[in-house]
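See below for the structure under consideration.
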Amino acid sequence: MVQIISGAKGKGKTKYLLDMANTAVKESKGSIVYLDKSSKHMYELNNRIRLINVQEYPITSSEGFIGFICGIICQDHDLEQMYLDSFLKLACLEGESMEETYKTLEALGKKHHITFVLSVSMNKDALPECAKESVVVSL
């Protein structure tokens, strides 16, 4: 499953995402991973949440990003949820269509029973049609 938190930059998506992850870890039976473009939010996350600074890895395309996600999935068989802050930047999709990557995450989520929560710096009406139904919050 894919959930999207959408809205323009500076509208509070990161704060919402951090709160969502910290709330989820209290009831989670498996592991939770938080992907970010830096480590600055490390101290705002519960210590049971694994923070990965994606900028430390040489990801230069959306295909490379999906490979990175698959690597995390294959190493963590208890993975329940993955939070992706600044999704378009992490996935190398700024200025590109996110439709194919979204559909791939949706398929991975169904196959491996993982919920992906994406923070997308885009208003809901600018999202691809297939992603609009996944918006849980529009800020």
Side-chain angles (χ1 to χ4, degrees):
M1 173 180 12
V2 176
Q3 297 177 348
I4 296 175
I5 300 166
S6 71
K9 289 184 180 184
K11 293 293 183 181
K13 293 181 304 299
T14 295
K15 171 83 172 106
Y16 192 91
L17 197 67
L18 289 164
D19 290 345
M20 198 172 172
N22 284 328
T23 299
V25 77
K26 294 174 186 174
E27 298 175 9
S28 176
K29 292 177 176 61
S31 60
I32 295 178
V33 173
Y34 191 98
L35 301 180
D36 205 344
K37 60 188 180 301
S38 74
S39 297
K40 73 179 184 179
H41 298 295
M42 180 185 331
Y43 300 108
E44 296 174 64
L45 286 170
N46 182 299
N47 64 354
R48 289 183 44 219
I49 298 172
R50 179 178 174 203
L51 173 69
I52 299 174
N53 178 357
V54 177
Q55 297 288 56
E56 295 177 355
Y57 301 91
I59 300 169
T60 58
S61 68
S62 57
E63 293 84 7
F65 177 74
I66 291 297
F68 183 76
I69 296 291
C70 290
I72 294 169
I73 293 170
C74 76
Q75 288 187 340
D76 190 344
H77 300 286
D78 274 358
L79 186 59
E80 272 186 25
Q81 297 178 20
M82 188 176 290
Y83 292 82
L84 295 87
D85 196 10
S86 302
F87 170 69
L88 297 175
K89 182 173 180 106
L90 296 180
C92 304
L93 289 169
E94 290 179 305
E96 306 284 327
S97 171
M98 65 177 268
E99 189 169 350
E100 186 177 327
T101 303
Y102 169 85
K103 288 179 179 179
T104 302
L105 288 177
E106 197 172 54
L108 286 169
K110 286 179 184 173
K111 181 176 182 179
H112 298 285
H113 309 287
I114 299 168
T115 300
F116 293 97
V117 184
L118 317 177
S119 167
V120 179
S121 291
M122 187 183 287
N123 290 323
K124 181 179 179 178
D125 59 340
L127 291 169
E129 284 302 316
C130 62
K132 287 180 181 177
E133 64 192 38
S134 297
V135 174
V136 292
V137 176
S138 186
L139 302 172

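Note that the numbering runs from 1 along the sequence shown for the chain.
Within the structure, the salt bridge (charged side-chain N to carboxylate O under 4.0 Å, His left out) test picks out no pair touching residues 23-38 (sequence neighbours left out). Among pairs with a residue in residues 9-18, those fulfilling salt bridge (charged side-chain N to carboxylate O under 4.0 Å, His left out) read Lys15-Asp19, at least two apart in sequence or across chains. Each ring-ring contact (aromatic ring centres under 6.0 Å, His included) pair with one or both residues in residues 71-97, not counting sequence neighbours, would appear here, but there are none.
Both Leu90 and Ile73 sit in one connected hydrophobic cluster of ILVMFWY residues. Membership requires side-chain heavy atoms under 4.5 Å apart, directly or through other members. Cluster annotation: Val54 is not connected to Leu18 through the hydrophobic network of ILVMFWY side chains, with a link wherever side-chain heavy atoms come within less than 4.5 Å. Val2 is not connected to Leu139 by any chain of hydrophobic side-chain contacts under 4.5 Å among Ile, Leu, Val, Met, Phe, Trp and Tyr, and they are in different clusters.
Expressed to the nearest 0.5 Å, how far CD1 of Ile72 lies from CG of Leu108 amounts to 11.5 Å. Rounded to the nearest 0.5 Å, atoms CD1 (Ile49) and CD1 (Ile52) are 12.5 Å apart. The structure places CG of Leu105 at 12.0 Å from OG1 of Thr115, a figure rounded to the nearest 0.5 Å. With rounding to the nearest 0.5 angstrom, the CD atom of Gln55 is 9.0 Å from the OG atom of Ser86. Between Ser39 atom OG and Tyr34 atom OH the span is 11.5 Å, to the nearest 0.5 Å.
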Evaluate the criterion side-chain contact (heavy atoms from CB on, under 4.5 Å) for residue pair Phe116 and Ile69; output intermediate values, then yes/no.
-> CA-CA 11 Å; Phe116 293 97; Ile69 296 291; 3.9 Å; yes
Kindly determine whether Val25 and Leu45 satisfy side-chain contact (heavy atoms from CB on, under 4.5 Å), including the steps that lead there.
-> CA-CA 10 Å; Val25 77; Leu45 286 170; over 6 Å; no
Could you check Leu127 against Met98 for side-chain contact (heavy atoms from CB on, under 4.5 Å), going step by step and ending with a plain yes or no?
-> CA-CA 8 Å; Leu127 291 169; Met98 65 177 268; 3.8 Å; yes
Which is it for Met122 and Leu88 under the side-chain contact (heavy atoms from CB on, under 4.5 Å) test, yes or no, and what are the steps along the way?
-> CA-CA 9 Å; Met122 187 183 287; Leu88 297 175; 3.8 Å; yes
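Annotation: side chain to side chain donor-acceptor pair (under 3.5 Å) contacts of Glu44 (sequence neighbours excluded): His41. The side chain to side chain contact (heavy atoms under 4.5 Å, CB included) test applied to Asp125 returns Asn123, not counting sequence neighbours. Legend: residues meeting salt bridge (Lys or Arg N to Asp or Glu O under 4.0 Å) with Glu129, ordered by chain and number and at least two apart, are Lys132. For Glu106, the side chain to side chain donor-acceptor pair (under 3.5 Å) partners are Tyr102, not counting sequence neighbours. Residues passing the side chain to side chain donor-acceptor pair (under 3.5 Å) test with Thr14 are Asp85, sequence neighbours excluded. Partners of Ser38 according to the side chain to side chain contact (heavy atoms under 4.5 Å, CB included) rule, which considers only residues two or more places apart in sequence or in another chain, are Lys40. Remark: Phe68 engages Tyr57 in a ring-ring contact (aromatic ring centres under 6.0 Å, His included) (not counting sequence neighbours). Contacts of Glu99 classified as side chain to side chain donor-acceptor pair (under 3.5 Å), with partners at least two apart in sequence or in another chain: Lys103.
Taking every heavy atom of both residues into account, Cys92 and Ser61 meet most closely at SG-N, 3.5 Å. Summarising the geometry of Ser62 relative to Thr101, their closest heavy-atom pair is CB-OG1, 3.6 Å, with the distance given to 0.1 Å.
Val117 places none of its side-chain heavy atoms less than 4.5 Å from the side chain of Met82. Leu79 places none of its side-chain heavy atoms less than 4.5 Å from the side chain of His112. Inter-residue side-chain proximity for Ser119 and Leu84 is flagged as unmet; no heavy-atom pair is nearer than 4.5 Å. For the pair Ile5 and Met20, the minimum side-chain heavy-atom distance is below 4.5 Å. Looking at Val136 and Ile4, their side chains never come closer than 4.5 Å, going by heavy atoms from C-beta outward. With a 4.5 Å cut-off on side-chain heavy atoms, Val33 and Gln81 do not count as touching.
Glu80 and Ser28 are linked by a side-chain donor-acceptor pair at a separation below 3.5 angstrom, with hydrogens and angles left out of the test. Side-chain contact of Ser31 with Asp76: a donor-acceptor pair under 3.5 Å is present, judged by distance alone.
Formation of a donor-acceptor pair under 3.5 Å by the Asn22 side chain with backbone atoms of Asn46 is found in this model.
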